[in-house]
Structures are given as structure tokens and as C-alpha cells.
Amino acid sequence: MIFDNKFIQQRIEKAKLLKEAGHNPYSNDCKRNTTIEKYLNVNSDIADREDKRDEKRHYTVAGRIKLLRVMGKASFVKIEDESGMLQIYVARDNLPEDFYNDMFKKNIEVGDIIEVGGYPFVTGKGELSLHAESFTILTKAISPLPEKFHGVTDKEIRYRKRYLDLIMNSEVRKTFHTRSKVVSLTRRFFEDKGFLEVETPMMHPIAGGANAKPFVTHHNALGIDRFLRIAPELYLKRLIVGGFEAVFEINRNFRNEGMDATHNPEFTSIEFYWAYKTYKDLIEITKEYFKYLFEHLNLPTRLPYGDLEVDFENFQEIPLIESLTKIGGVPVESCKTIDSILSYLKSKNMTVKPGMNLGQLQGELFDEFVEEKLIDPTFITEYPVEISPLARRSDENPAITERFELFIAGREIANAFSELNDPIDQLSRFEVQMKAKDNGDDEAHEMDSDFVEALSYGMAPTAGQGIGIDRLVMLLTNEHSIRDVLLFPAMKPINNEEIKTQEEE
RNA sequence: GUCUUGUUAGCUCAGCUGGUAGAGCACGUCACUUUUAAUGAUGUGGCCGAUGGUUCGAAUCCAUCACAGGACACCA
């Protein structure tokens, strides 16, 4: 039984006593007429008054008790609502007879949610407070809160019981406020540019648009398996074929892969597609987007991230091959052929999966020697065609694509390219991916012939981009684990029953 | 998936090379009408993550498992 804890039993008893005395411990008769933040702002003038009070003003606030100091016939209570923390002064003689002694002192405690009416005053120590004239219990908390000073620090509790984390740690609430603002600003930015927000399927017959292993589910009525989407790309491009010229989608993707500080099985991205534009236009709009975010979030353009400082006014642009030598320190001659890369990797005591092609090996060199060194925002361009199966080839050099990835603080934040709209080329790219799949690359793209057919009707020249929202928020909030920017990060089940149920299914 | 560290009261943590479990907060009782993690006195609270093993004796040593953190691998 989950309520067999002694402290919980005590609190259940207190709730009962409150109820018996006519104080509903789960009342919804709320008369709050201001938030704590507003109260503190509106009454900031009280400190300048001679008597430090104004008994003519009256406010009703509500919130959760975070601290409680009973000092005989008077008490101080700190309550918190979403907007802030307020000190309440509760004196016996200002409340109905015996309420203070029999109800407040005995049955009200930290964690309870209360409503208090009264007038503003400033205490001897100079804190703007509220002098209580009425006191109502709104919600009795029967589980005790964590320790008042240290709070909860155990990450497992913080993630599994996020509500406790949010109650105890106001900076966590702030992080999620920022996250919400980022999503809403992103939406507004693209809407203002004339983009149309769309919703495409989460359940795909073919998991396409990225290199990743999908989750599988089953549709009973149709008797077929569906894949949770790994990316919305191929659907969004079908919409461009259909004649929408600028679309975006902000939503979840699902990838059946490992979990760590930068990976959660479900994560949020924005993907946007823009007809009659190229990846060069995307570089410009990306810079503009960051400027917009920083302005509206009031962030300094030199932003600390852990031990690093990222200068968001210093966008760089460098082709991938050039970055290998200039940033990665890889000799020019060790980047050009399969054999030279393999022997270079060998000289560094590194091994790769056998059978990799030139483009894949160049990607390996980049991941190994360049990526973590890209601190200020850097667009890496000219990706090899082998690792860009949905991107348009460069007209000058068909071995590379019109693509970039944006790296900040050593992490990939965005992936973008001029879209491949040649259906014959797209078909052959899929065929190459199919061969890779047959050769054991279980993350190679799936053939999507319906998508190729869509392209065959003609997709206007288009540029498209995906931005990882979670990682972006990590960057902007100086968080270093994706779990700290997800309200409910993926966790393994704790008790055996949950595991059993899953096995039975 | 691999390596590594952790899991002791509701929470934050002690508990050394094995000898029947400790503090602070919270909670109970008492005192206290301007405190700031209030204070003083006093008391309650534990299957020491789970299962096996070694031992006269295990929170402590060993093994396995579960969950978590970190690092690596794969990926965004």
C-alpha cells in the first residue's frame, strides 16, 4: 500500500481533523485575486511609508507552503505560486477564535496549498509580507515534501517524479519556461516568414527521412505493422509537391537507439521546407532565426556553455573536406581516398566498420577530429553524396551535395540541404541504400517508392532544414543532459510488475 | 551494448579494516507575537535496493540481478 508510511498516515489524520472542523481539505472555493509577483510589485511602495503598512489594501493570494516558522502566538509562512514566493504573517488574534491554535498550528504544514487574505506590510527585517486576516486550506498534501534546504538532488527522483523536482527547484521551472518560449518563438518566426504549420503522420508504413532504427507498433484493424516516425521529411516534401511553398512542423521523432546525455528515444525537432530557395538561403535564415531567438529571450550573444563560451555573432562556414585539414589537423592527402583514410585512422589506432565508402570515411574523420572543436556556430558544407541520400548534388561536383550541418559547442544542432528533386537520381540513391541495408547496415534508408512517385510529378526546387529543439534548448539554458530539458525523460520501469506486463504483451 | 561509480529514515547525508544503525531537516510534545534554513528542550521514525554466498556474526566482504549517474560505442 502506498500510504502505509507513518508520515502520510499522520497527514491523512490531519486532513480528517480539518474536515471534521468544517475546513474542507480539498476545497475549490478559491478567491485569489492576485499573483505573488503582482502583489510584490503593486505593494513595493509600502517600504517607503512611515508605518510600513496599509491596512486599507486587501489582497488574496494562494500558494504552496514552502517554509513554516511557528513562534508561539504568531507565525511566518512562506508560500510559493508559479510567479514567486511571499511571506505571510499569521497572528493568532487576527484569525477566528481558536483557529490559530487548533487548526493552523496543528493541522497545517509544509507542502499544503493555502489561500490567505490580508494587507501588505513590511517586517522589521525589511521584507514585504502579507498580514493575514483570513486563512483557508485549499489542498492538504498528505505526502511530505523533501528537505527544505537541500530539496531533491537525486537525479532519479527528479526525473521520475518531475512534479517534486518542479515544486522544489525553481530553476527547473525556469528551464522549462525557456523551452516553451523557444518553441513558441520558433513557431512565430516561421509563421511571420509566411510558413504554414502542418501536421504529418507519426505512424509511418516506411520509416524514412533519416538513418535510424524505428520503433514498431501494430495496427490491429488493418493487421499491419507501423513505424513511429524517425523524421517527417518525406511527408513534408510531398506537401511541397502538392503546391505548398513553405511548410514547417514542430513535433516529436522517435528513434530506437541508445539513451545518453544527448539522446532520448523521443525528441523534438522543427523541420521546414521552402520552395524556390537553396541551402544558401537556409544559412541566412538560420542566422536570422538565432538573432531572433536571442533578442526575444534577452540572452547575451556571448553565451556561456559549461566551460565554453559561444559567440553567437561569429557564424563560420567551411566545407567539410577543408574542415578536416584546417580544424581537424588531418593531412590533405589523408582525406582523399579510402586507402589513405584507412591508413591514417590506423596510425591513430582507430578502427571503423569494414566496407565503408569514401564519403562515409570522410564523415568518420569529421566526427572524430573536427566536430567537438566547433564551438562558435559553424556551418559545415559540401557533404559527400554517399552520406546525403536525400540531398541535391552540387552542379559543379556531383560527388558532393548542397548541404550543411550547423555545429555549436561541439554538437550538431541543424541539418539542411537543397532538396533532391530529380526522381531518377532519388530512386538510384534509394537503391544504393537498399544495397547497404542488404550488406548489414540496419540504419540505411528504406526505399520509399511512393515518395519517388511524388517527386516524379515534379517538386519545385526546394531547401529544407531540421533543427533539434532539445539540443537547442540545452544550449540556451546551459544544460548538459537532454533529460534536464525534457519534462518527462525516458526512464526504465522500476518495479517488476511493469516489466512482466511488457513481457506478456 | 561495454566499462565505472552509486543505492542506508519522507528528504540531504555519515557509518573506516565485519560485532545487532547515526546526524540534520521534516513530523509529535513543550516554550516563544517580527522570524529568514527561526530558536531551545524532548520524542517517534529503518527488511541498510533485491537474491544468494563467506562467517559464530554482514549495511560493511564476495557473486548475481534491478535501477540510477558518469564515460565510451551507435546516433540527432
Side-chain angles (χ1 to χ4, degrees), chain A residues 2-11 13-14 52-53 66-78 85 87-94 100 105-106 109-111 121-127 129 131 141-161 164 167-168 209-213 230-231 253-269 271 350-353 363-364 367 371 405-407 411-415 441-443 466-472 474 480-483 489 491-496 498-499:
Chain A
I2 65 168
F3 294 143
D4 59 2
N5 176 285
K6 182 196 151 187
F7 300 105
I8 296 180
Q9 285 301 323
Q10 271 178 7
R11 283 171 171 256
E13 182 60 25
K14 290 179 183 182
K52 306 279 184 195
R53 65 187 57 229
K66 297 299 287 289
L67 291 169
L68 188 55
R69 297 185 283 275
V70 178
M71 313 177 52
K73 297 183 187 66
S75 301
F76 289 92
V77 187
K78 289 249 173 156
M85 182 101 79
Q87 175 167 271
I88 311 288
Y89 178 70
V90 184
R92 185 191 64 183
D93 301 338
N94 293 301
Y100 181 82
K105 270 168 79 174
K106 293 212 187 291
E109 58 206 315
V110 172
F121 81 114
V122 172
T123 64
K125 302 276 161 122
E127 180 166 349
S129 307
H131 195 121
I142 60 167
S143 280
L145 285 185
E147 206 252 355
K148 64 186 176 190
F149 188 58
H150 299 92
V152 269
T153 57
D154 185 309
K155 292 215 165 183
E156 184 167 359
I157 298 177
R158 292 187 43 216
Y159 298 147
R160 285 192 197 279
K161 303 186 183 178
L164 272 186
I167 289 172
M168 299 308 295
N211 305 62
K213 286 176 219 155
I230 56 175
N253 295 317
F254 306 87
R255 299 194 184 172
N256 206 341
E257 286 158 1
M259 291 154 60
D260 63 24
T262 54
H263 297 84
N264 195 68
E266 48 183 309
F267 64 100
T268 301
S269 70
E271 287 204 12
M350 289 162 45
T351 51
V352 290
K353 277 186 253 169
E364 284 291 317
D367 291 346
E371 184 168 0
E405 287 195 1
L406 173 62
F407 293 86
R411 278 201 205 116
E412 185 193 338
I413 295 294
N415 179 21
D441 181 354
D442 55 2
E443 287 181 0
I467 301 171
I469 296 289
D470 311 281
R471 290 184 180 182
L472 177 62
M474 285 170 69
H480 295 257
S481 169
I482 195 168
R483 291 176 173 179
M491 299 291 276
K492 283 195 198 176
I494 16 171
N495 65 55
N496 296 329
E498 275 184 71
I499 293 165

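Each chain gets a letter, A, B and so on, in the order the sequences are listed, and its residues count up from 1.
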Please identify each residue that fulfils salt bridge (Lys or Arg N to Asp or Glu O under 4.0 Å) with Lys66(A), with sequence neighbours left out.
Glu80(A)

Contiguous Watson-Crick or G-U pair runs (3 or more, under 3.5 Å) in RNA chain B
B:1-7 with B:66-72, B:10-13 with B:22-25, B:27-31 with B:39-43, B:49-53 with B:61-65

Here's a test of your reading of the structure: between Leu145(A) and Lys14(A), which maps to the more 5' nucleotide of RNA chain B?
Leu145(A)

C1' gap between A66(B) and C56(B), integer Å
32 Å

Hey, is the side chain of Arg411(A) poking within less than 4.0 Å of OP1 or OP2 on A76(B), counting only N and O atoms?
no

Minimum heavy-atom distance Arg483(A)-Pro489(A), with the two atoms named
CG-CB, 3.5 Å

Please list, chain by chain and in numerical order, all residues satisfying side-chain contact (heavy atoms from CB on, under 4.5 Å) with Lys161(A), sequence neighbours excluded.
Ile157(A), Tyr163(A), Leu164(A)

For Thr153(A), the side-chain contact (heavy atoms from CB on, under 4.5 Å) test, sequence neighbours excluded, returns none

Write out all pairs satisfying salt bridge (charged side-chain N to carboxylate O under 4.0 Å, His left out) with one or both partners inside residues 253-263 of chain A, taking only residues at least two apart or from two chains.
none

Test side-chain contact (heavy atoms from CB on, under 4.5 Å) applied to Asp367(A) - qualifying residues, sequence neighbours left out
Glu371(A)

Residue list, salt bridge (Lys or Arg N to Asp or Glu O under 4.0 Å) with Glu127(A), at least two apart or on another chain
Lys78(A)

Salt bridge (Lys or Arg N to Asp or Glu O under 4.0 Å) partners for Arg411(A), two or more places apart:
none

Give Asn253(A) one of three labels, base, sugar-phosphate or nothing, depending on what nucleic acid heavy atoms sit under 4.0 Å from its own.
nothing

Quick one: side-chain contact (heavy atoms from CB on, under 4.5 Å) partners of His150(A), sequence neighbours excluded?
Glu147(A)

How would you list, by chain and number, every residue that makes a side chain to side chain donor-acceptor pair (under 3.5 Å) with Gln9(A), sequence neighbours excluded?
none

B/S/- contact track for nucleotides 29-41 of chain B, protein heavy atom under 4.0 Å
---BBBBBBB---

Identify all pairs in which a protein N or O lies below 3.5 Å from an N or O of nucleotides 2-4 of chain B, and state each distance.
none

Record whether the side chain of Asp260(A) comes under 3.5 Å of the base of C74(B) through a donor-acceptor pair of N or O atoms.
yes

Can you tell me how far P of A66(B) sits from CD of Glu156(A), to the nearest Å?
14 Å

Assign each of Lys155(A) and Glu364(A) to its nearest nucleotide of RNA chain B by heavy atoms, then name whichever residue's nucleotide is nearer the 5' end.
Lys155(A)

